[in-house]
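Notes for the one structure printed next.
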Amino acid sequence: MKLKQLESLLGDLQQFSNPKIELEQYPTGPHIASRLLYTAENSFDDISNKVVADFGCGCGTLGAAAALLGAEQVIGIDIDSQSLEIASMNAEDLELDIDFVQCDIGNLGWRGQIVDTVVMNPPFGTRKKGVDMDFLFVALKVASRAVYSLHKTSTRDYIKRAALRDLNASSAEVLCELRFDVPQLYKFHKKKEVDIAVDLWRFVPKRSRGMDG
């Protein structure tokens, strides 16, 4: 599937009608989502025929992109039941088979590296400090191949240091810098939309003992 086709399919998905600020719910736009998954597949072969988890899946954009690119299984996880309803409808509209789980990422009871790849656009941590790193901590425990994640460019040095030192990453690489359009969703937003510079990261987890290769 070509990048343009993927972006166009994702552009038709429903997004939050009533986003929750405390969960930092912002839609992952089709431009960013398509590039994240397309890069993961075409540069690193981390999506097709793989088990992919979409952490904090919201309306399911990243998970849908993974399924469209041929993932063997996609699991979307979110704490918010309304988001999961929209995500299920989106999957149905595209005739995709995606498993959805309602769960706080911090309480995810998975043991060991049970998925190949995690994709996520975690909360930036502006409302709840450190929540972005909580997501990354869990992702690097459960993925065997790679974690793709978006983080503010302004946190780049910190993220790299923390991932390699504290979070079980064997490598942490910024693949590209993107502009994240945050539309005027909440009352306190003064501008129609704001561009935030975000990094698309690829983290490789250290292999569990007992895994070969």
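Partner of L37 under the side-chain contact (heavy atoms from CB on, under 4.5 Å) criterion, chosen from L62, L3, I32: L62.
Atoms CE and CG, from M133 and L136 in turn, are 5.0 Å apart once rounded to the nearest 0.5 Å. Rounding to the nearest 0.5 angstrom, the gap separating the OG1 atom in T117 from the CZ atom in R202 is 8.0 Å. With rounding to the nearest 0.5 angstrom, the CG atom of L140 is 9.0 Å from the OG atom of S149. With rounding to the nearest 0.5 angstrom, the OG1 atom of T39 is 10.0 Å from the CD1 atom of I47. How far OG of S83 is from CZ of F100: 10.5 Å, rounded to the nearest 0.5 Å. With rounding to the nearest 0.5 angstrom, the CG atom of L84 is 9.5 Å from the SG atom of C59.
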For N90 and L94: C-alpha separation, side-chain torsions, deciding distance, then whether side chain to side chain contact (heavy atoms under 4.5 Å, CB included) applies. CA-CA 6 Å; N90 281 335; L94 287 171; 5.8 Å; no
Derivation of the side chain to side chain contact (heavy atoms under 4.5 Å, CB included) call for L9 and M1: CA-CA 11 Å; L9 285 168; M1 182 179 286; 3.8 Å; yes
Go through the steps for D80 and Q102 under the test side chain to side chain contact (heavy atoms under 4.5 Å, CB included), then give the verdict. CA-CA 7 Å; D80 180 42; Q102 187 177 355; over 6 Å; no
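Residues F135 and N121 are not in side-chain contact: their nearest non-hydrogen atoms beyond the backbone lie 4.5 Å or more apart. Under the 4.5 Å side-chain criterion, counting only non-hydrogen atoms from C-beta, S144 is not in contact with R207.
Taking D99 as the reference, Q73 meet the side-chain hydrogen bond (donor to acceptor under 3.5 Å, both in side chains) condition, with sequence neighbours excluded. Considering only residues two or more places apart in sequence or on other chains, L164 meets the side chain to side chain contact (heavy atoms under 4.5 Å, CB included) condition with K160, A169, A172. Every ring-ring contact (aromatic ring centres under 6.0 Å, His included) that F203 has, sequence neighbours left out, goes to W201. E177 meets the side chain to side chain contact (heavy atoms under 4.5 Å, CB included) test with T153, R156, R179, A197, D199; sequence neighbours excluded. Scored by the side chain to side chain contact (heavy atoms under 4.5 Å, CB included) test, F137 finds K141, L167 as partners (sequence neighbours excluded). Applying the side chain to side chain contact (heavy atoms under 4.5 Å, CB included) test to M89 and every residue at least two apart in sequence or in another chain returns Q14. Scanning for side-chain hydrogen bond (donor to acceptor under 3.5 Å, both in side chains) contacts around S34 gives an empty result, with sequence neighbours left out. Under the side-chain hydrogen bond (donor to acceptor under 3.5 Å, both in side chains) criterion, R145 pairs with D46, not counting sequence neighbours.
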Going by atom type alone, with no hydrogens or angles, which donor-acceptor pairs under 3.5 Å involve a side-chain atom of residues 48-55 and a protein atom two or more places apart or on another chain?
unit_1: S48; atom_1: OG; unit_2: E41; atom_2: OE1; d: 3.4
unit_1: S48; atom_1: OG; unit_2: E41; atom_2: OE2; d: 3.0
unit_1: K50; atom_1: NZ; unit_2: D45; atom_2: O; d: 3.1
unit_1: K50; atom_1: NZ; unit_2: S48; atom_2: O; d: 3.1
unit_1: D54; atom_1: OD2; unit_2: G63; atom_2: N; d: 2.9

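No chain of hydrophobic side-chain contacts below 4.5 Å, direct or via other Ile, Leu, Val, Met, Phe, Trp or Tyr residues, connects V174 to V204. When hydrophobic clusters are built by joining Ile, Leu, Val, Met, Phe, Trp and Tyr residues whose side-chain heavy atoms come closer than 4.5 Å, directly or via intermediates, I105 is grouped together with M120. Under a hydrophobic-cluster definition in which Ile, Leu, Val, Met, Phe, Trp and Tyr are linked whenever side-chain heavy atoms come within less than 4.5 Å, directly or via other members, L36 and L13 are assigned to the same cluster. Linking Ile, Leu, Val, Met, Phe, Trp and Tyr residues whenever their side-chain heavy atoms come within less than 4.5 Å places V119 and V198 in a single cluster.
Under the salt bridge (charged side-chain N to carboxylate O under 4.0 Å, His left out) criterion, no residue pair touches residues 56-70, with sequence neighbours excluded. Sorted by first and then second residue, the salt bridge (charged side-chain N to carboxylate O under 4.0 Å, His left out) pairs with a member in residues 85-97 form an empty list; sequence neighbours excluded. Among pairs with a residue in residues 165-176, none fulfils side chain to side chain donor-acceptor pair (under 3.5 Å), at least two apart in sequence or across chains.
The nearest pair of heavy atoms linking V147 to A139 is CG2-O, 3.6 Å. Taking all atoms of both residues into account, the shortest heavy-atom contact from A64 to L96 is O-CD1, 3.7 Å. The nearest pair of heavy atoms linking D116 to A143 is O-CB, 3.8 Å. Contact detail for A91 and I98: the closest heavy-atom pair is CB-CD1, 4.1 Å.
A side-chain donor-acceptor contact under 3.5 Å links D78 to the backbone of C57. Not a single donor-acceptor pair under 3.5 Å links the side chain of E7 to the backbone N or O of K2.
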